[in-house]
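Contents: one structure, followed by commentary.
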Amino acid sequence: MADVAQPDPGSLQIPADNSSAPSSPATARNDCSIAPLTPSPSPMVEVRPRMSCPFSVVVAIDFGTTSSGYAFSFTRDSEAIHMMKRWEGGDPGVANQKSPTSLLLTPDLRFHSFGFAARDFYHDLDPEEARHWLYFDKFKMKLHSTSDLTMETELEAVNGRRVRAIEVFAHALHFFREHALKEVKDQSSSVVEGEEIRWVITVPAVWRQPAKQFMREAAYLAGLVSPDCPEQLLIALEPEAASIYCRKLRLHQVLDLSLQPIANGFDLEGSRPFDSSFRQAREQLRRSRHSRTFLVESGTGELWSELQTGDRYIVADCGGGTVDLTVHQIEQPQGTLKELYKASGGPYGAIGVDLAFEAMLCQIFGEDFIQSFKAQRPAAWVDLTIAFEARKRTAAPGRANALNISLPFSFIDFYKRQRGQSVEAALRKSNMNIVKWSSQGMLRLTQEAMNELFQPTIVNIVKHIEELMAKPEVRGVRFLFLVGGFAESPMLQKAVQRALGQACRIIIPHDVGLTILKGAVLFGLDPTVVRVRRCPLIYGVGVLNRFVEGRHPRDKLLIKEGREWCTDILDRFVCVDQSVALGEVVRRSYTPARLGQRKIIINIYCSSTEDVAYITDPGVRKCGTITLDLPEPLPLPGAVGGAGGGAGPERREIKATMQFGDTEIKVTAVDVMSNRTVRASIDFLSN
């Protein structure tokens with residue numbers, strides 16, 4: 001019977017010939033009574049062989065906070081990346097093939113639409129009817145902001161109703177699956193079976209393991225791949241994907257901000273956000289959009305000819321929700337990448353500007369009114385945010401004229417009914433001189449107002465990049481690549497140029513909003529391109545070692561079978577910012593605590609600081625579990641009536657292999673005696 005072993009501290013087995021027998025009894029009591037065999041001093045690292053890719057198509061989904069999209073490539077023609085079809089709808093003047101990350105569910109919680117279609121349908125609903133529909137947008141940030149993410153975590157729709165987050169994400173991924181499969185089949189000369197497709201989903205590099213696992217579980221629920229074929233799905237880190245694509249860039253495919261002159265903090269050409277060559281390239285790209293196919297270099301692009309072995313660069317992924325920084329070094333001649341410093345960043349994306357705008361509205365009209373308007377007129381609130389988003393994209397430093405934002409009629413009418421006065425009167429009373437009222441029913445935001453909305457977010461981004469560049473491991477970077485949707489903003493471009501233009505070359509790829517998507521396809525074609533990564537946290541398990549008087553605290557002393565042991569010692573698998581090469585593994589051996597035990601559960605602990613020694617130290621937390629499902633042991637030769645019949649049963653050894661060099665932590669295990677594979681899983685969502 002495959003039951004979970006019950007806590008049994010008396011059955012903990014400690015090898016008599018080992019001076020260090022890892023497994024804290026305190027831990028073991030929660031870990032179904034296990035007795036690790038491997039001594040704890042340092043992780044043993046071994047290299048595994050490289051696997052070949054059996055897929056014929058790679059489909060990448062860039063699941064963004066504000067916009068999302070997909071692209072694909074056939075492995076037989078891997079230099080061609082096909083972008084998804086142009087979406088129905090769309091905002092005028094926005095040259096982007098991605099769609100808003102907006103999802104609409106019917107009042108009975110069935111999927112209705114995604115992207116522009118969801119937004120437009122919701123907009124057209126009768127205000128009273130709209131209150132019953134569930135509209136979600138910018139919901140990805142929930143995974144970053146939730147410290148205790150689980151499969152039961154909920155998302156709140158605009159109308160206040162709550163739905164399990166895993167279902168919302170699965171609906172969105174299923175939508176992409178259906179569209180991508182149709183396009184792949186339309187472009188393929190042969191029938192493409194489901195198992196021939198490798199899927200790639202992008203996530204921020206600063207996301208922790210629970211959020212990465214959540215996206216994988218959502219992909220399983222959406223039917224992208226089966227849980228029985230986990231290798232068919234890759235999780236790609238967004239700045240890493242951008243870095244992979246940037247390796248391919250040619251000089252005519254980038255805007256080099258370092259070559260643009262600055263006078264008194266502004267470019268000499270006034271408020272023009274792009275130089276003429278960049279605008280020409282965008283126009284050429286717009287004209288060729290019907291092909292939706294991008295060709296990439298087979299090797300590395302000519303931009304890298306200026307880099308010498310050892311040169312380093314930063315990729316700053318400035319997205320809607322987060323800013324994600326990664327530091328890479330290109331390794332010649334093979335062109336692989338090596339991460340030099342653990343991923344860093346934070347919630348400094350473009351939605352910070354949206355939140356500042358909402359705060360400004362609260363200041364003018366009252367927070368209670370804005371909350372009431374959002375609840376009573378949810379579709380009109382979405383209209384207002386769309387109007388602001390369109391104007392936000394045109395904001396540029398040095399712009400002389402104000403930006404006009406249309407207030408929906410229902411906003412003006414609702415305010416009059418609720419407050420008994422006009423919005424114009426409210427604006428006058430607020431004494432907010434940087435926002436004016438237009439007789440056409442528009443808010444006029446002066447340049448000063450736009451600066452006030454942008455500055456807190458931009459200051460955070462610049463500060464974070466400056467702090468990173470000051471680290472010893474990062475000093476002397478040659479290039480700073482700005483990528484992601486927010487990198488299109490002239491406000492951000494100029495701020496970064498002013499602050500960092502003298503320190504390094506600042507490069508912005510053309511069509512910068514699609515950089516991550518293209519890189520994610522390249523990552524799916526060759527996941528081994530990033531050869532070395534840095535570990536963001538300490539990971540380990542609780543063990544017991546021989547007690548040393550004066551070194552170990554007395555409250556950790558355990559006396560068992562006449563021996564003194566120190567409990568709760570953190571046996572580290574990897575350390576903070578440790579370099580871990582792709583293919584390196586950490587091995588530990590464990591033995592069941594008693595005969596007939598069918599499951600070993602091992603608690604994993606993590607910490608973001610190095611100065612920890614015990615699993616009970618401040619800053620150390622249980623972050624996940626490894627589960628080893630033990631098969632029925634094979635009968636030993638001669639066990640019945642044989643020579644060894646009088647001896648006790650031989651202890652069973654399970655060797656677990658953990659891999660920290662990929663974008664996700666992975667574990668495998670084998671029963672040493674029978675050499676049979678043991679079903680092993682790692683779970684970060686059940687805490």
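Of the options Phe169, Tyr70, Trp199, a ring-ring contact (aromatic ring centres under 6.0 Å, His included) to Phe63 is made by Phe169 and by none of the others.
Between Ser607 and Arg621, the side chains place no donor N or O within less than 3.5 Å of an acceptor N or O (distance only, hydrogens not considered).
More than 12 non-hydrogen atoms from other residues, nucleotides or ligands lie less than 6.0 angstrom from CG of Asp555. The number of heavy-atom neighbours closer than 6.0 Å to CZ of Arg164, taken from other residues, nucleotides and ligands shown, is above 12.
One distance of note links OH of Tyr220 with CD of Gln213; it measures 9.0 Å at 0.5 Å rounding. Rounded to the nearest 0.5 Å, atoms CD1 (Ile682) and OH (Tyr539) are 8.5 Å apart.
A salt bridge does not link Lys342 with Asp577: none of the charged nitrogens is closer than 4.0 Å to a carboxylate oxygen. Salt-bridge formation is detected for the pair Lys140/Glu238: a Lys NZ or Arg NE/NH1/NH2 atom is positioned less than 4.0 Å from an Asp or Glu carboxylate oxygen. Using a 4.0 Å cut-off between a side-chain N of Lys or Arg and a carboxylate O of Asp or Glu, Lys142 and Glu154 do not qualify as a salt bridge. Of the charged side-chain nitrogens involved, at least one lies within less than 4.0 Å of a carboxylate oxygen, so that Arg533 and Glu240 count as a salt-bridged pair.
Taking the six-membered ring where the residue is Trp, Phe175 and His179 present tilted rings, their angle falling between 30° and 60°.
At distances below 3.5 Å, not a single donor-acceptor pair connects side-chain atoms of Arg676 with backbone N or O atoms of Val670. One N or O on the side chain of Arg534 and one on the backbone of Leu340 form a donor-acceptor pair closer than 3.5 Å. Remark: the backbone N or O of Ser686 is not paired with any side-chain donor or acceptor of Thr150 at under 3.5 angstrom.
Looking at Ile81 and Leu522, their side chains come closer than 4.5 Å, going by heavy atoms from C-beta outward. Looking only at side-chain heavy atoms (C-beta outward), Leu173 and Leu224 come within less than 4.5 Å of each other.
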